[in-house]
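Here's the structure, in structure tokens; my notes come after.
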Amino acid sequence: MKTIIEPFRIKSVEPIRMTTQAERTAKLRAAHYNLFGLHADDVIIDLLTDSGTGAMSAEQWAAVMRGDESYAGSPSFARFTAAVQNLMPFKHIIPTHQGRAAEAILMSLFGGAGRNIPSNTHFDTTRGNIEASGAFAHDLNIAEGRDGQSEHPFKGNMDLEALSAFMDRHADTVPVVMITITNNAGGGQPVSLANIRAVAEIAHAHGKPFIIDGCRFAENAWFIKQREAGQADRSIPDIVRDCFAVADGMTMSAKKDAFGNIGGWLALNDDDHAEAARVRLIQTEGFPTYGGLAGRDLDALAQGLSEIVDEDYLRYRTRTHAYIVERLDAMGVPVVKPAGGHAVFIDAKRWLPQIDPLHYPAHAVACRLYEIAGIRSCEIGSVMFGRQPDGTEKPAAMELVRLAFPRRTYTQSHADYVVEACGVLQSEIDTITGFRITKEPKAMRHFTSQFAPV
Ligand code: F0G
């Protein structure tokens, strides 16, 4: 059979409250045109994020009941550790309540004033934790990764020449080399196994540890299996193990590729670093056998890790985004190609050239998609990145709308609905106008700014 179906059937459902366009227009105005300000039950298809929003399986809910809430030495922690180490053979597994907590602890070990930390592209919270420690975050993604039209199979790769030059230049101030798989900020694009190995080699040649931000490790491994020479016949767990075998540690948001609604971890091989991390963990998260989590969360994650590497799931997962990208591309909607692992990215700069970047074309698309169809997406453009540390405003490099898909949550007809909504928007594209900001906070303005149409 050629049709790729959802490899699950539905045992428990959550009704979607349908709304009218007039209702949504009023809700959007009341939220000052900021989609983060909406009530989620006024949203029909919520593509704000793939983080913590996925559906747990029957086996995960069963594992929740098995969870043991002992403060110290919980068997849930033993099951969680075994599940992580089965895929990522690190010596120390340190649970945290989510990814950014692991990053904060990592930066308590490696950050500090004047230090320089390279990656392909740091995710916002990683960058935030690096900068909060006084260090500088550097993005060294290959040029193809910033070109929405390049069909490079591994657009998340690190620019190895740039990394080597960077390491030579900053040898004394680089405490650690990082890489994000997949590259979320760059469109959910994968990193090849060869690139991961080469980055590890460069880091180690300079005597520096190499840490992977592994949030979407299974989607990344699926792309390696599909696209990298010599990997087609290998199992996903084997590819995952190879990716992490060359690293000295990892940070993880288990809200992504562990099918969790909450959770994360920091993994390390070095005993001294792990001891310091656990001290910090006790201060900020909890005892080392639960971190910031309940025992039942640890059990749900242990089970989730055994499900996320299933090839039928990964085939269906990545096919959803590829399907939407193909349909939108055929309709003339500019999209980032090839499709990423967790989201579809619309290029609003190309779709709405009439809107000045500082009138936020991607924000205009996101607002209109909500009005048309109740779809909530996320602007990744000048609203998110435009405000500079010196207070000036500058257009972002790209004006993207991210449609991030929660795992195992929506079906094929929901995907068709998204495509149809983009078609309606396409039919009125010349009439769409931009926005201005009427109120904004000091930092991270996209979450709480207020807007008005121009
Ligand atoms: N690293 C990456 C690559 C991420 O995508 C995220 C979260 C984090 C770290 C932080 O993890 O949320 O558990 O603290 N990304 C979400 C998103 C929020 O919508 O892309 P967290």
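Order of appearance sets the numbers: ligands from 1, and atoms from 1 within every ligand. If you read the sequence from its start, that first residue is 1, and numbering goes on from there.
Close N/O approach between T49 and ligand 1 is found [any backbone or side-chain N/O within under 3.5 Å]. For N184, a nitrogen or oxygen atom sits less than 3.5 Å from a nitrogen or oxygen atom of ligand 1, counting backbone and side chain alike. Considering backbone and side-chain atoms alike, T126 places every N or O at 3.5 Å or more from each N or O of ligand 1.
The ring of F154 has its center no closer than 6.0 angstrom to the ring center of F223.
Listed by number with element, the atoms of ligand 1 under 4.0 angstrom from any heavy atom of G99 are 11 (O), 13 (O), 14 (O), 21 (P). Distances below 4.0 Å separate heavy atoms of T125 from the following atoms of ligand 1: 8 (C), 9 (C), 10 (C). Near R216, meaning under 4.0 Å from any of its heavy atoms, are these atoms of ligand 1: 3 (C), 4 (C), 5 (O), 20 (O). Near C215, meaning under 4.0 Å from any of its heavy atoms, are these atoms of ligand 1: 1 (N), 2 (C), 3 (C), 4 (C), 9 (C). Applying the 4.0 Å criterion to heavy atoms of T180 picks out, from ligand 1, the atoms 3 (C). With ligand atoms numbered from 1 in the order given, ligand 1 contributes 13 (O) to contacts under 4.0 Å with heavy atoms of K255. If you number the atoms of ligand 1 from 1 as listed, the ones under 4.0 Å from a heavy atom of R402 come out as 17 (C), 19 (O), 20 (O).
Considering CG of L163 and CG of N195, their distance stands at 9.0 Å, rounded to 0.5 Å. Once rounded to the nearest 0.5 Å, the distance linking CD of E6 with OG1 of T411 reads 5.5 Å. Rounded to the nearest 0.5 Å, atoms CD1 (I94) and OG1 (T81) are 10.5 Å apart.
Taking atom 13 (O) of ligand 1 as the reference point, the nearest protein heavy-atom neighbour is S253 OG, 2.6 Å. Scanning all protein heavy atoms for the shortest distance to atom 8 (C) of ligand 1 gives F123 CD2, 3.4 Å. Looking only at protein heavy atoms, the nearest one to atom 12 (O) of ligand 1 is R100 NH2, 2.8 Å. Remark: minimum distance from atom 1 (N) of ligand 1 to any protein heavy atom is reached at D213 OD2, 2.7 Å.
Among L293, L298, V64, L301, the one residue that satisfies the side chain to side chain contact (heavy atoms under 4.5 Å, CB included) test with S76 is L298. Tested against F405, the residues H342, H414, H321 include a single ring-ring contact (aromatic ring centres under 6.0 Å, His included) partner, H321. Applying the ring-ring contact (aromatic ring centres under 6.0 Å, His included) test between Y290 and each of W265, F77, Y71 identifies Y71 as the sole match. Partner of Q189 under the side chain to side chain contact (heavy atoms under 4.5 Å, CB included) criterion, chosen from T182, V336, N120: V336. With R17 as the fixed residue, the salt bridge (Lys or Arg N to Asp or Glu O under 4.0 Å) test singles out one of D42, D46, D41: D42.
Counting heavy-atom neighbours within 6.0 Å of Q149 CD, excluding the residue itself, gives a total above 12.
Considering only non-hydrogen atoms, atom 6 (C) of ligand 1 lies nearest to K256 out of K256, Q98, E103, H122.
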